[in-house]
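The block underneath contains the structure these notes are about, expressed in structure tokens.
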Amino acid sequence: MECRYYRTLDDGRVECLLCPHHCHIANGKTGICRSRRNDDGVLRSLVYGKPCSLAIDPIEKKPLYHFHSGTKCLSIACTGCNFRCMNCQNHEISQVSPSDVGHYDLTPQEVVTLCLEHHCPGIAYTYTEPLTYLEYIVDTARLTHENGLWNILVSAGYVCQEPLKDLLPYLDAANIDLKSFSDDIYQRVSGGHLQPVLDTILAMHETGVWIELTNLVIPGVNDDMQMIRRMCRWIVDNGLADQPLHFSRFFPRYKMEDVPPTPVSTLKHAKEIAQNEGVRHVYLGNV
């Protein structure tokens with residue numbers, strides 16, 4: 001399917017306008033996410049209608065603790081991610097090309113029908129980076145709302161504001177992975193920048209999307225308590241004090257197998273700081 005967010009350049013390349021990378025993609029090549037390819041000057045999604053993973057999950061697994069708790073959701077994912085996180089928990093499907101992984105063939109209507117057949121009240125776009133297949137989500141989410149169901153996004157939040165506006169009217173809740181409060185760490189560990197993620201969080205909050213934030217605390221990487229304090233102050237100063245904050249425990253994974261698990265005491269210290277700064281709902285995950 002032709003992507004909605006790009007422009008053709010004079011030299012035959014295309015510029016993807018979906019996320020802040022603004023990849024300039026040569027003919028026959030894909031961008032950083034591996035799921036959007038330049039076909040003779042037309043940017044096409046390689047994963048539209050081709051989810052690689054389907055499951056029924058408790059909503060708390062997203063994690064969402066203050067949105068329809070006790071219910072289940074249909075979780076769906078396509079391959080691809082616009083980050084390169086060294087600690088990726090799902091690198092088998094996020095850090096590969098679509099051709100490397102098997103997939104289902106499901107139109108947006110078929111996804112919604114599947115959700116209804118399994119009596120799930122909503123759909124979660126999750127596991128990889130949903131924003132890299134935003135066209136598929138928007139088309140599915142529109143039908144989801146028409147059938148009285150809700151939409152959940154589990155994302156790192158790295159997207160341009162114009163494409164995001166197409167999704168926001170259909171989005172009910174989101175868990176955004178706020179990886180750190182340092183642009184340097186974002187660049188070194190994930191290959192991106194902090195500010196666009198903060199812009200995504202604020203845009204969602206301003207349009208009434210229920211937001212919960214997750215901060216995976218990695219020893220020696222983003223466990224500086226003064227940085228965590230600055231993050232919590234930003235949360236409170238921007239009117240997000242009532243949005244749950246999840247401090248999650250790191251375990252060795254992917255390119256960080258030599259990093260030890262996060263001490264539980266570190267998470268408890270982070271929780272204490274968050275509460276002292278005025279964050280009202282703080283939870284510890286993976287403990």
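Values in this document were obtained by computation on a predicted structure and should not be read as measured data.
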Please assess H246 against E212 for the test side-chain hydrogen bond (donor to acceptor under 3.5 Å, both in side chains), listing each intermediate value before the final yes or no.
CA-CA 8 Å; H246 304 259; E212 302 195 17; 2.7 Å; yes

First locate atom [atom1] of [X], then atom [atom2] of [Y], and finally report the distance between them rounded to the nearest 0.5 Å.
| X | Y | atom1 | atom2 | answer |
| --- | --- | --- | --- | --- |
| C52 | E92 | SG | CD | 10.5 Å |
| T140 | R142 | OG1 | CZ | 9.5 Å |
| H24 | Y6 | NE2 | OH | 14.5 Å |
| L171 | I137 | CG | CD1 | 8.5 Å |
| Y254 | M86 | OH | CE | 9.5 Å |
| L198 | N238 | CG | CG | 8.0 Å |

Kindly indicate, with the supporting measurements, whether the criterion side-chain contact (heavy atoms from CB on, under 4.5 Å) is fulfilled by R4 and L134.
CA-CA 9 Å; R4 294 172 189 156; L134 186 64; over 6 Å; no

Ignoring hydrogens, what is the shortest heavy-atom contact between G12 and N38? Give both atom names and the distance.
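Minimum heavy-atom contact is O-ND2, 3.1 Å.
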
Atom of M204, atom of A174 and distance for their closest heavy-atom approach:
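Here M204 and A174 meet closest at SD-CB, 3.8 Å.
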
Are [X] and [Y] close enough that some pair of their side-chain heavy atoms sits under 4.5 Å apart?
| X | Y | value |
| --- | --- | --- |
| E146 | V112 | no |
| H68 | P121 | no |
| I76 | I123 | yes |
| Y5 | C160 | no |
| L284 | R249 | no |
| H118 | I56 | yes |
| Y133 | T79 | no |
| R36 | L46 | no |

Cluster check L213, L202: I/L/V/M/F/W/Y, side chain < 4.5 angstrom:
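L213 clusters together with L202.
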
Would I211 end up clustered with W150 when hydrophobic side chains under 4.5 Å apart are linked, directly or stepwise?
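Per the 4.5 Å side-chain linkage, I211 and W150 are not co-clustered.
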
Could you walk me through whether R253 and H91 pass the side-chain contact (heavy atoms from CB on, under 4.5 Å) test, one step at a time?
CA-CA 9 Å; R253 186 73 168 155; H91 62 91; 4.1 Å; yes

Any donor-acceptor N or O pair under 3.5 Å, side chains T132, N82
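T132 vs N82: no donor-acceptor pair found between side chains.
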
Salt-bridge test for R34 and E129: reply yes if a basic N is under 4.0 Å from a carboxylate O, no otherwise.
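The answer is no: the pair does not qualify as a salt bridge.
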
In plain terms, say whether K72 and D57 are close enough for a salt bridge, that is, a side-chain N and a carboxylate O under 4.0 Å apart.
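So K72 does not pair with D57 through a salt bridge.
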
What is the ring orientation for H145 with Y170, classed by angle as parallel under 30°, tilted 30 to 60°, or perpendicular over 60°?
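It falls in the perpendicular class, over 60°.
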
Evaluate the ring planes of H21 and F83, with Trp represented by its six-membered ring, and classify them as parallel (under 30°), tilted (30 to 60°) or perpendicular (over 60°).
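Judged by the thresholds at 30° and 60°, the geometry between H21 and F83 is perpendicular.
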
Counting the benzene-type ring for Trp, do H193 and Y186 have ring centres under 6.0 Å apart?
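Judged by ring-centre distance (under 6.0 Å), H193 and Y186 do not meet the cut-off.
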
Is it the case that the ring center of F247 lies less than 6.0 angstrom away from the ring center of H269?
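Distance test on ring centres: not under 6.0 Å, no.
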
Under the rule for side-chain contact (heavy atoms from CB on, under 4.5 Å), what residues qualify as partners of N222, not counting sequence neighbours?
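Checked N222 against side-chain contact (heavy atoms from CB on, under 4.5 Å); matches are S180, I185, N215, V217, I218, M227.
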
CA sep, side-chain torsions, deciding dist, call: C232, L245, side-chain contact (heavy atoms from CB on, under 4.5 Å)
CA-CA 9 Å; C232 294; L245 172 60; 4.1 Å; yes

Kindly determine whether S75 and K62 satisfy side-chain hydrogen bond (donor to acceptor under 3.5 Å, both in side chains), including the steps that lead there.
CA-CA 9 Å; S75 293; K62 297 303 103 186; 2.9 Å; yes

